[in-house]
Amino acid sequence: MQTSQESPNRPWQRLPWGRWVLIGTPYLWLMVFFLLPCLIVFKISMSELADTGIGFLDMVSLQEGVLQLRLKLSNYAFLLSDSLYLLTYVSSIGYALLTTCICLLLGYPFAYFLARSPVAIRPMLMMLVMLPFWTSFLLRIYAWAGLLDNNGLINQVLLSLGVISEPLLMMHTPFSLEIGMVYVYLPFMVLPLYANLVKMDLRLLEAAADLGAKPWTIFRRITIPLSYNGILAGSMLVFIPCVGEYVIPALLGGADTLNIGRVLWDEFFNNNDWAMASSVAIVMLLLILGPMTWFNRIQAAEHEGRHA
């Protein structure tokens, strides 16, 4: 009786291969559009400068019945030996961590206020968060360039008010880089935090208040731990794209700003060294997979704890 009721709602269960089609389609999509391009980049990173084809047969050979796999690691060895690349990775991770921390400090209060606001005005507040996405990404970055330039609006206002005697150097500095990064990625921190905080059981906060806990204690020992998943999700959404960001450092950062995205551009298009650029990209991918793996393990551990 139960099967006859479920079959009309799930007609794919009638087919012996229907379940495999539903499961296999997204995996096939990921393999074609994610795994295969990554393998191609990995193969190019193992190639010489003059041999950057996408075929994999030149890496495998059969000699006297022995299958041999040839991997050229000189590009990776050069990455580890050149201090410039190491400093670039450290600088990119540092900027990404700083951006993540600033977005968390700014985004958490806003997400908390948004989650505790009256239901009637939440759509309007959500629209304000999403409003920057309605305009072009490049236009928003160029707008900040117009604000922070020596002849920009901020300097002109400060000069006219007599606050400063000469224009402040804000453009093409780490300050302008961080301003642009925080501005662009702040919504990616607010949205996961809001989704987590809005589902929080407020009865726990009321119970803690009835037992004599002060507001700061309630926030520190109940609200923050319960919003831990939102903090992790928002941090990953901000940190991961910040590591490889190119447009913002190119437009707002200075010429001396070390960033992986700019190094990749220089290796690919200026130096035309695809093998070295692919090696830089693979190492960057490995650096990003570390936090993602850590986040997935935390999620899995919490899921097992709930169902234990």
Side-chain angles (χ1 to χ4, degrees), residues 89-117 122 125-133 137 140-141 144 148 170 173-202 204-205 208 213-249 252-253 257-261 284 287-303:
Y89 284 116
V90 172
S91 176
S92 298
I93 294 175
Y95 282 123
L97 286 174
L98 181 59
T99 302
T100 303
C101 292
I102 296 175
C103 286
L104 180 60
L105 292 176
L106 296 177
Y108 198 101
F110 186 83
Y112 185 87
F113 170 77
L114 182 59
R116 300 293 178 265
S117 61
R122 286 181 190 174
L125 297 177
M126 285 294 295
M127 184 189 68
L128 293 178
V129 176
M130 302 298 296
L131 193 61
F133 295 102
F137 176 80
R140 287 183 281 145
I141 300 302
W144 274 108
L148 300 175
M170 295 182 290
T173 62
F175 172 77
S176 61
L177 173 60
E178 279 302 319
I179 287 290
M181 299 271 272
V182 171
Y183 167 74
V184 169
Y185 290 105
L186 183 59
F188 294 96
M189 179 67 74
V190 172
L191 295 177
L193 286 172
Y194 166 75
N196 185 271
L197 290 170
V198 77
K199 296 183 297 183
M200 186 177 297
D201 190 356
L202 300 181
L204 298 174
L205 309 182
K214 296 181 179 180
W216 170 247
T217 303
I218 296 174
F219 178 77
R220 180 173 56 89
R221 304 191 62 177
I222 298 179
T223 304
I224 292 181
L226 290 180
S227 61
Y228 193 54
N229 286 336
I231 294 174
L232 285 178
S235 299
M236 291 297 102
L237 287 176
V238 174
F239 176 80
I240 291 174
C242 280
V243 173
E245 179 62 49
Y246 168 73
V247 176
I248 299 175
L252 298 181
T257 302
L258 297 177
N259 183 267
I260 291 296
M284 183 185 69
L287 291 176
I288 293 176
L289 286 177
M292 293 182 62
T293 304
W294 173 68
F295 174 69
N296 289 332
R297 286 184 177 180
I298 292 178
Q299 292 285 85
E302 183 177 353
H303 181 75

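Rounded to the nearest 0.5 angstrom, Met284 CE and Leu289 CG are separated by 10.5 Å. Rounding to the nearest 0.5 angstrom, the gap separating the CD1 atom in Ile288 from the SG atom in Cys242 is 10.5 Å. Interatomic distance, CG of Leu191 versus CG of Leu186, reported as 9.5 Å (0.5 Å rounding).
With a 4.5 Å cut-off on side-chain heavy atoms, Val129 and Tyr194 do not count as touching. The shortest side-chain heavy-atom distance between Leu258 and Val90 does not fall under the 4.5 Å cut-off. The shortest distance between side-chain heavy atoms of Leu114 and Val198 does not fall below 4.5 Å. Put simply, the side chain of Leu252 does not reach to within 4.5 Å of the side chain of Ile179, judged on heavy atoms. In this structure, Arg116 and Leu202 have side chains that are in contact, with non-hydrogen atoms separated by less than 4.5 Å. Using a 4.5 Å heavy-atom threshold, the side chains of Ser117 and Arg122 count as touching.
Residues Met200 and Thr223 approach most closely at CE-O, 3.6 Å, considering heavy atoms. Heavy-atom minimum distance, Lys199 versus Ala195: CE-O, 3.1 Å. Smallest separation of non-hydrogen atoms from Ile222 and Leu204: CD1-O, 4.0 Å. Arg220 and Pro225 get closest at one heavy-atom pair: O-CD, 3.4 Å. The shortest heavy-atom contact between Ser235 and Ile231 is OG-O, 2.7 Å. Shown here for Gly230 and Asn196, the closest heavy-atom pair between the two residues is N-ND2, 3.7 Å.
Applying the side chain to side chain contact (heavy atoms under 4.5 Å, CB included) rule to Arg221 yields the partners Thr217; only residues at least two apart in sequence or on another chain are considered. Applying the side chain to side chain contact (heavy atoms under 4.5 Å, CB included) criterion to Phe188, with sequence neighbours excluded, gives Phe133, Tyr185, Leu237, Val238. Among residues two or more places apart in sequence or in another chain, the ring-ring contact (aromatic ring centres under 6.0 Å, His included) test is passed with Tyr246 by Trp265. Considering only residues two or more places apart in sequence or on other chains, Val247 meets the side chain to side chain contact (heavy atoms under 4.5 Å, CB included) condition with Phe137, Leu138, Glu245, Leu251. Applying the side chain to side chain contact (heavy atoms under 4.5 Å, CB included) criterion to Ile93, with sequence neighbours excluded, gives Leu97, Phe239, Leu287.
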| task | Report the C-alpha distance between Val184 and Ile141 in whole Å, list the side-chain angles of each, state the deciding distance to 0.1 Å, and finish with yes or no for side chain to side chain contact (heavy atoms under 4.5 Å, CB included). | result | CA-CA 8 Å; Val184 169; Ile141 300 302; 3.6 Å; yes
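Under the 3.5 Å distance criterion, the side-chain polar atoms of Ser92 are left unmatched by any main-chain donor or acceptor of Tyr89.
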Mind listing the side-chain donor-acceptor pairs of residues 99-110 below 3.5 Å, one per line with the distance, residues two or more places apart or on another chain?
unit_1, atom_1, unit_2, atom_2, d
Thr99, OG1, Tyr95, O, 2.7
Thr99, OG1, Glu178, OE1, 2.9
Thr99, OG1, Glu178, OE2, 3.3
Thr100, OG1, Ala96, O, 2.7
Tyr108, OH, Ser227, OG, 2.7

